[in-house]
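Lettering follows sequence order; numbering is per chain, from 1.
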Amino acid sequence: MAVTENRSHLASPSTPATNQRIRIINTKTAHDDLLVIRVLPQSNKVVTVVGDKRRCAEKFYDEDLGLNINLHNITTFDLSDKVHSDTFDKDDGSISYINSEDITLQNMMRTGFRKPFIVRAESGKPPGLRVPDSNFTVKDVERLVSSTRKIDVMDVSTQLSLQMTMHQWAKYFDSDKRDTLLNVISLEISQTPLCKLISPPDFVRELDWVETAWPPSLKVAQTFGNNSLTKMKYPKVQKYCLMSVRGSYTDFHVDFGGTSVWYHIVAGAKVFWLIPPTEENLSKFVKWTLAGKQDDIFFGDLVDKCYRVNLYVGDTFFLPGGWIHAVYTPRKSLVFGGKFLHSYNIIGQLQVTAIEDVTKVEARYLYPYFVQMVWFVVEKYRRHLKHIEVHGKGNTVLLEQEVEGLNVLISRLEESKTFQSAIPIQIRNPKLLLQELKDLLLHAEIDTICGDFSEPIISRERNTLLDSARKLHNIRLISTDRPFKMSPVVSSDSDVSEDEDVLLLPIIEEKEEEEKSTITELVEVIVSDKFTNPSSSRKETPLNEDNNVTVEISNKELWQAFCKHGTEMIIIKAGRRLFPVLKFKVSGLDPNSKYVFLVDIVPADDCWYRFCNCEWIVAGEGDHIPPKRMYVHPESPNTGAHWMKEILSFHKLKIAHNVSDAGSNMIVNSMHRYQPRVHIVQCDDIYKIPWCAFRTMVFTETEFFAVTAYQSEKITQLKIEHNPFAKGFRAGTATQAAEERYNSKNINVTIVLDSYGTAPFLAAGGAIHTSGDHIQHTQHNTTKSNLLTHMQMVEQFQGS
DNA sequence: TCTCACACCTTTGAAGTGG
DNA sequence: CCACTTCAAAGGTGTGAGA
């Protein structure tokens, strides 16, 4: 995927590769400074190597030394000139250097974030920005994103991308001998352990459409760290790690979708050439790109104003969408950054997508789900403007550039086939939506002043309910394996059908007028698309009219105790139960309606792990995903009253790693990480499951590693301590038990709590059993025969 | 990393008992 | 017939040796 510096998508495919052999080229300087290569065209013999003319000693090596490299299309202009020429040292206020405390959301709203600015290291980090310190190395990156993660690497000489593993890259990066210049500028690291160390500046999060307009429920469904489009649930462009060796250069380009960029230098240095996105400049840029003369012409020379900025360790750089830029790496560098779309430069963003159309950029180099995103944005504006109509504006402001942008966007959505070809299924009536928004904008009061406490019309604020509920209850919603109907441009039909286990497609039920005030909004109504009953013509039955269903994990503390050390679950061929057991407290169901409860266990990511030095580390790419099964609670279907009466326990659920297992066990791979999910289906017959409304919940503390033997001693100890079946392994238990048995002869009667901790009965055993989290719940009314029936049903369900 | 026999334990449910 | 007890079988544990 093309990012910050990537112009590979704009490189003309028609440009012939010269494949010249050149002489090298080694500049060793005390300052670790510039290495610039110059190839004379039409020559396969003479190569000029230009170092930093002021500080580098030039050295020439003969090709006989074995240092030859094949380079294609190296620039014929002298990049060193461009790095040092005064031509680009303009100071007309277009680029500003500002203090970190001046970076506020309101300032960005006022200015629309149209000009680049830099926060120097001395000024501190912009509010909210979190990045690793300068000791952080590429090895650390490798450790945290996985050695086997395949990454796109740009060959600097061709500006085209190739793939290698993170391990290969780290080795390349740290080695002294390189025969090609490679550059990593498109490693997106969300959903990897590295992600936790990175936070974009506050204002970015407040503006970013992914945060403000993309359905959060779809975003949280993303579990994979890689950027595979088939698994992507949201535009995964928020956190990038860029690693460049000295001499890397990315030619002039515009970031996809007209995204704006934040960019923090953790190590090394960067040189940017920046060109404002005026009509004239963009037009020249398109011509330059289509002409395929990138190697001969430095685009900065073609325009009136091209600014150069030098960035050093600790600097943070902000580049607005649409700016044409090139990047050079004078020192080996490590950079973290991210991209975002926002509401105050909609026209600029659309302009860039038009350029991408003209220059025929490949789909994989575009902003993912751009079309879907703008539909969600429009819907969000409609909803909030309507809300404002009724409830008043509060602190929110609707600014002129915003309205102007939205009106242009509406026209595009009305007219453009591209924009109409990929409308998310959540947008029920696109025409009506656009009409409504037009009317709302027509009558909306436009603000001219943006005060210090003003807030955007659409903001993250409106989602904090979801965030806080998620934190509080540790619930997150898993909706689907595919967020919406994909644009044919992005994904083919076969792409959809290859995911056999895609059962659910979400329909987000949002009440028009109100924001919901309970955590039930975490739970969406999900309707199976694949299994939609043709006769029912996609009528989604709400799970509950008042949408008030809540599910809590009842043995949360125990799960958390395990989770803290990385829960492990033993798997054997015949199937082993989970401990702790999945137990839930359900409320808010309609007491008289019937429900089915199901559990499935899905991979938490696509990695396999190793337990090394008391911690789980990513060891490679995950094995193939075994066939997905659903475990139906044996008491299903049953009334809401029944489910709410007491704790709902899935203690009979077993996991196994025997793929040929014909039983009802859930199949998992050893040394992989899994996440159980609970589904509530409102239906009175198990056969009707595919056509009924779902709700799906995930409790993150129930995540576990599947193992064939325990890895962590702490986990073993916790299991022994809490699982009654493992009582025999508790310290001193054997002798204690013997003593107690002996003593019991004198006591005669001991009390044992039954499985529900109620109605004690007399037992012949010796020990006194106490109630607690670890008590195994039995089935009140479940006999072997009806369990069997259910299992047969599950089989049928799986087979259907 | 995985498998298996094992000791030690809980759970289950049929049979027994008494009112 | 019901409530309760008894008890053996079934089955859920982690261990540790061996593959």
Mind checking what makes ring pair (Phe, Tyr, Trp, His ring centres under 6.0 Å) contact with [X], not counting sequence neighbours?
X         : result
Tyr710(A) : none
Phe611(A) : Trp616(A)
Trp559(A) : none

Nearest whole angstrom, please: distance from the [atom2] of [N] to the [atom1] of [X].
X         : N       : atom1 : atom2 : value
Arg577(A) : dA10(C) : CZ    : P     : 16 Å
His722(A) : dC9(B)  : NE2   : C1'   : 17 Å
Glu721(A) : dT13(C) : CD    : C1'   : 15 Å

Contacts of type salt bridge (Lys or Arg N to Asp or Glu O under 4.0 Å), residue [X], not counting sequence neighbours:
X         : result
Lys139(A) : Glu142(A)
Asp140(A) : Arg143(A)
Arg673(A) : Asp605(A), Glu703(A)

Distances for protein N or O near nucleotides 14-16 of chain C N or O, under 3.5 Å:
{"from": "dG14(C)", "atom 1": "OP1", "to": "Tyr710(A)", "atom 2": "OH", "distance (Å)": "2.6"}
{"from": "dG14(C)", "atom 1": "OP2", "to": "Arg576(A)", "atom 2": "NH2", "distance (Å)": "3.3"}
{"from": "dG14(C)", "atom 1": "OP2", "to": "Tyr710(A)", "atom 2": "OH", "distance (Å)": "3.2"}
{"from": "dG14(C)", "atom 1": "N7", "to": "Arg576(A)", "atom 2": "NH2", "distance (Å)": "2.7"}

Below 4.0 Å: OP1/OP2 of dG11(C) and any side-chain N or O of Lys652(A)
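False: Lys652(A) side-chain N/O out of range (4.0 Å or more) of dG11(C) OP1/OP2.
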Would you say a side-chain N or O of Lys727(A) is under 4.0 Å from OP1 or OP2 of dT10(B)?
yes
Could you tell me whether the side chain of Met243(A) reaches within less than 4.5 Å of the side chain of Trp169(A), counting heavy atoms only?
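Yes, side chains in contact.
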Who pairs with Ser670(A) by side-chain hydrogen bond (donor to acceptor under 3.5 Å, both in side chains), at least two apart in sequence or on another chain?
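Ser670(A): no side-chain hydrogen bond (donor to acceptor under 3.5 Å, both in side chains) contacts found.
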Write down the protein N/O and nucleotide N/O pairs, taken from nucleotides 1-4 of chain B, whose separation is under 3.5 Å; answer none if there are no such pairs.
{"from": "dT1(B)", "atom 1": "OP1", "to": "Gln711(A)", "atom 2": "OE1", "distance (Å)": "3.2"}
{"from": "dC2(B)", "atom 1": "OP2", "to": "Ser670(A)", "atom 2": "OG", "distance (Å)": "2.7"}
{"from": "dC2(B)", "atom 1": "OP2", "to": "Thr708(A)", "atom 2": "OG1", "distance (Å)": "2.7"}
{"from": "dC2(B)", "atom 1": "O5'", "to": "Thr708(A)", "atom 2": "OG1", "distance (Å)": "3.4"}
{"from": "dT3(B)", "atom 1": "OP2", "to": "His657(A)", "atom 2": "NE2", "distance (Å)": "3.1"}

